[in-house]
A.B. asks: 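My questions will all concern the structure given below.
To find a chain, count down the sequence lines: A is the first, B the second, and so on, and within it residues start at 1. Just so it is clear, the values below take in all heavy atoms, side chains as well, and ignore hydrogens, waters and symmetry mates.
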There are 2 protein chains.
Amino acid sequence: MNNITLKQLAHQLGLSVSTVSRALTDSYEINIETKKRVQKLAKELNYQPNPFASFLRKHKSKTIALIIPEISNNFFSLVIKGVESICQEKDYYVLIYESHENFAKEVRITNHLIGGRVDGVLISVSAETQQTDHLKTLIERKINLVMFDRVIEDMNVVKVASNDFESSLEATEHLIKRGCKKILFLKAGENLSTMQNRLKGYQAALKKYNIDFNDSLVRTFNPSEELNLNELEDIIQNIKPDAIFCTVENLAIACYDVCQKVNIKIPDEIKIITFSNLKVARHLNPSLSTISQPAFEIGQTIANLLIDQIEEKETEQMKDITISSTLIKRDSTK
Amino acid sequence: MNNITLKQLAHQLGLSVSTVSRALTDSYEINIETKKRVQKLAKELNYQPNPFASFLRKHKSKTIALIIPEISNNFFSLVIKGVESICQEKDYYVLIYESHENFAKEVRITNHLIGGRVDGVLISVSAETQQTDHLKTLIERKINLVMFDRVIEDMNVVKVASNDFESSLEATEHLIKRGCKKILFLKAGENLSTMQNRLKGYQAALKKYNIDFNDSLVRTFNPSEELNLNELEDIIQNIKPDAIFCTVENLAIACYDVCQKVNIKIPDEIKIITFSNLKVARHLNPSLSTISQPAFEIGQTIANLLIDQIEEKETEQMKDITISSTLIKRDSTK
DNA sequence: GTGAAAGCGCTAACAA
DNA sequence: TTGTTAGCGCTTTCAC
């Protein structure tokens with residue numbers, strides 16, 4: 001890197017480094033004429049300050065980390081987009097990390113970050129995450145933390161989640177109203193808060209309609225492993241449910257695969273509904289009923305909250321924020 | 001940030017800062033015993049070096065930028081995944097920037113980067129980009145550059161692209177063999193290299209089968225704007241093509257929307273094929289024929305190339321690398 | 001094998 | 001209004 005430095009500018013202008021620095025940060029205590037001279041030359045030479053020098057000095061990196069389980073996922077990629085939009089506006093950098101649903105990787109990432117690499121962290125934990133020591137370490141090191149979507153209750157930080165209980169209840173109710181009684185519930189991961197809440201919503205709906213809850217209708221797939229289609233096929237063939245409630249998009253797509261393979265007609269023989277942000281859900285065969293989380297808004301919200309924390313504009317932030325999802329009924333539950 | 005510093009470690013151990021530093025970088029000139037002592041304490045206190053201090057010192061940030069037009073796009077999000085996988089392995093940071101298909105934004109981003117923020121840049125240019133001054137500035141400042149997918153011919157850098165000409169020819173040929181003669185070609189953006197090559201492939205296929213090329217069958221949509229469905233509907237209604245070749249996924253989905261709305265049957269009345277990395281293409285109604293780029297591999301390739309450049313392992317890199325796409329024939333072209 | 005000291009480029013307290 | 005100086009935390013040359 002052959003960059004122009006403050007020193008070089010100062011030399012060319014016959015000024016001191018500090019004057020140049022102040023002129024460029026538009027300090028009010030600098031003569032307007034010198035300010036102009038400095039800014040003119042800086043522009044001419046396309047001066048760009050070395051960010052590391054100033055980060056080192058100020059202990060602020062204007063960088064945040066976004067830790068997500070998976071990038072190529074419609075929900076999370078929209079979250080990224082939302083986060084980006086705010087950070088670009090507020091002049092923050094975003095480092096994106098994938099935990100690949102792996103706890104060890106998540107710990108490695110957060111450990112990496114405590115060196116002061118970032119001013120704050122946005123995280124949606126991996127499916128394996130149960131302990132929170134690594135997150136607490138971040139806080140001890142005074143790194144701001146905001147959790148989203150997959151949050152952990154006992155963490156005393158700002159948490160942004162969806163109204164999973166309510167939307168799950170609504171979706172299950174929708175299935176029940178369409179005549180379904182034997183609804184297979186497919187979970188992704190054992191311990192995630194989102195999954196727990198979605199399951200509770202499902203159970204509440206059953207209760208409301210006096211349908212007994214049946215343990216064996218709840219099945220879990222481990223999102224850190226390749227999805228096993230044969231296993232899913234066995235489950236569907238054995239249980240013969242009249243509907244499947246999928247907690248994540250991948251599971252719904254897998255169900256479509258299985259139904260196509262073993263020739264089960266959706267929605268006549270089986271109805272399918274899923275949490276998903278798939279844009280083409282309306283064009284699937286049959287079009288897929290979804291519960292859509294407002295991913296972009298979630299991204300914007302968490303970025304704003306985190307930056308406010310970093311800049312200590314703490315206007316008494318609420319600790320638990322809920323953003324509502326939308327149920328879209330399509331042909332797969334007709 | 002209350003971080004443990006080298007100085008604190010040195011103090012606790014009764015050693016000098018430089019010895020500690022050397023012990024931690026595993027320098028051979030340090031007594032094995034002291035090395036162990038130092039490393040033990042560092043681990044106990046969970047010491048993490050301040051990256052900015054070392055970046056400043058070494059003029060290497062171990063950070064690269066990935067500039068793409070759009071994040072929530074199946075192709076680019078898979079590229080990100082590929083880049084991430086290599087960078088995680090080689091211990092590099094990735095900063096992701098979206099140009100939103102906007103030239104001015106792209107220039108702002110690259111300008112931001114010449115401060116030494118990153119050691120290298122991976123870029124797929126915006127649809128508006130025609131000039132290359134901003135990219136040349138990067139090179140002047142000794143920042144390594146690798147272009148991918150949407151490359152610019154006259155740049156003397158490593159470029160990784162798909163075999164757009166060949167796959168486009170193949171796809172068009174496929175349509176022709178299925179009896180199509182009036183194939184609407186939908187471009188995204190006026191000047192992109194990828195679009196030009198795809199168009200040439202289309203034209204070559206027509207020529208091969210002695211079909212006259214008709215200018216008015218080539219239409220362009222501006223990807224930086226919201227796609228105008230009414231305009232697309234008018235085009236389809238007026239031209240009445242027997243097939244549509246879409247250069248990007250969004251256009252294909254829009255075509256599905258229009259066909260559904262005005263009740264044109266795919267594939268009986270019109271066939272549709274598109275470049276796309278949509279995972280659920282096989283479940284669309286009808287299932288969508290696609291040309292799939294190996295996005296993950298492209299991501300891995302460009303990350304490896306860039307890091308090799310940065311670390312000056314320049315084993316005479318080829319300047320132009322082509323990675324083949326795959327044509328998958330499905331019902332939309334039956 | 002270890003320590004002292006300089007310096008990466010910047011900011012900010014203090015001086016003038 | 002401008003300049004001098006110290007120092008952020010680290011690496012590295014030179015000295016011992």
A.B. asks: Checking side chain to side chain contact (heavy atoms under 4.5 Å, CB included) between B:P69 and each of B:H100, B:K105, B:E128, B:E101, which is the one that passes?
C.D. replies: B:E101
A.B. asks: Given C:dG9, D:dT12, D:dT1, identify the nucleotide with an atom nearest to the side chain of A:R57.
C.D. replies: C:dG9
A.B. asks: Indicate yes or no for a side-chain donor-acceptor contact from A:T63 to the backbone of A:V118 under 3.5 Å, with no hydrogens or angles considered.
C.D. replies: no
A.B. asks: Which residues in residues 6-20 of chain B have at least one heavy atom lying under 4.0 Å from any atom of DNA chain D?
C.D. replies: B:L6, B:V17, B:S18
A.B. asks: Under 30°, 30 to 60°, or over 60°: which ring-plane class applies to A:Y93 and B:Y97, parallel, tilted or perpendicular?
C.D. replies: perpendicular
A.B. asks: Considering only heavy atoms, which members of residues 43-54 of chain B lie under 4.0 Å from some atom of DNA chain D?
C.D. replies: B:Y47, B:P49, B:N50, B:A53, B:S54
A.B. asks: Quick one: does A:R37 reach the base of D:dT1 with a side-chain donor-acceptor pair under 3.5 Å?
C.D. replies: no
A.B. asks: Closer than 3.5 angstrom, by distance alone: can the side chain of A:S193 be matched with the main-chain N or O of A:V151 as a donor-acceptor pair?
C.D. replies: yes
A.B. asks: What is the distance, rounded to the nearest whole Å, between atom CD1 of A:I4 and atom C1' of C:dC10?
C.D. replies: 16 Å
A.B. asks: Hey, does the side chain of A:H59 come within less than 4.0 Å of C:dT11's phosphate (OP1/OP2), counting only N and O?
C.D. replies: no
A.B. asks: From the set C:dA12, C:dG3, D:dC8, return the single nucleotide nearest to any side-chain atom of A:L56.
C.D. replies: D:dC8
A.B. asks: Will you find, in the side chains of A:T19 and A:S16, an N or O donor that is under 3.5 Å from an N or O acceptor?
C.D. replies: yes
A.B. asks: Could you check whether A:R22 and A:T34, counting side-chain N and O atoms only, form a donor-acceptor pair closer than 3.5 Å?
C.D. replies: no
A.B. asks: Whole angstroms only, please: what is the NZ-P distance between A:K58 and C:dA13?
C.D. replies: 12 Å
A.B. asks: Salt bridge or not for A:E44 and A:K40, using N-O below 4.0 Å?
C.D. replies: yes
A.B. asks: Taking 4.0 Å as the cut-off, does a side-chain nitrogen or oxygen of B:S21 come that near to OP1 or OP2 on D:dC10?
C.D. replies: no
A.B. asks: Expressed in angstrom and rounded to an integer, what is the separation of A:R117 atom CZ from D:dG9 atom C1'?
C.D. replies: 15 Å
A.B. asks: May I have the distance from B:L24 (atom CG) to D:dC10 (atom P), rounded to whole angstrom?
C.D. replies: 9 Å
A.B. asks: Of the nucleotides C:dT11, D:dG9, C:dA13, which one has an atom closest to the side chain of A:T25?
C.D. replies: C:dT11
A.B. asks: So if I take every side-chain heavy atom of A:I30 and compare against C:dA12, C:dT2, D:dT2, which nucleotide ends up nearest?
C.D. replies: D:dT2
A.B. asks: Could you state the atom-to-atom distance from CZ of A:F55 to C1' of C:dT11 in whole Å?
C.D. replies: 13 Å
A.B. asks: May I have the distance from A:K60 (atom NZ) to C:dA12 (atom P), rounded to whole angstrom?
C.D. replies: 13 Å
A.B. asks: Can you name the nearest heavy-atom pair linking B:F55 to B:K60, along with the distance?
C.D. replies: CD2-O, 3.1 Å
A.B. asks: Any side-chain donor-acceptor pair under 3.5 Å between B:H134 and B:E106?
C.D. replies: yes
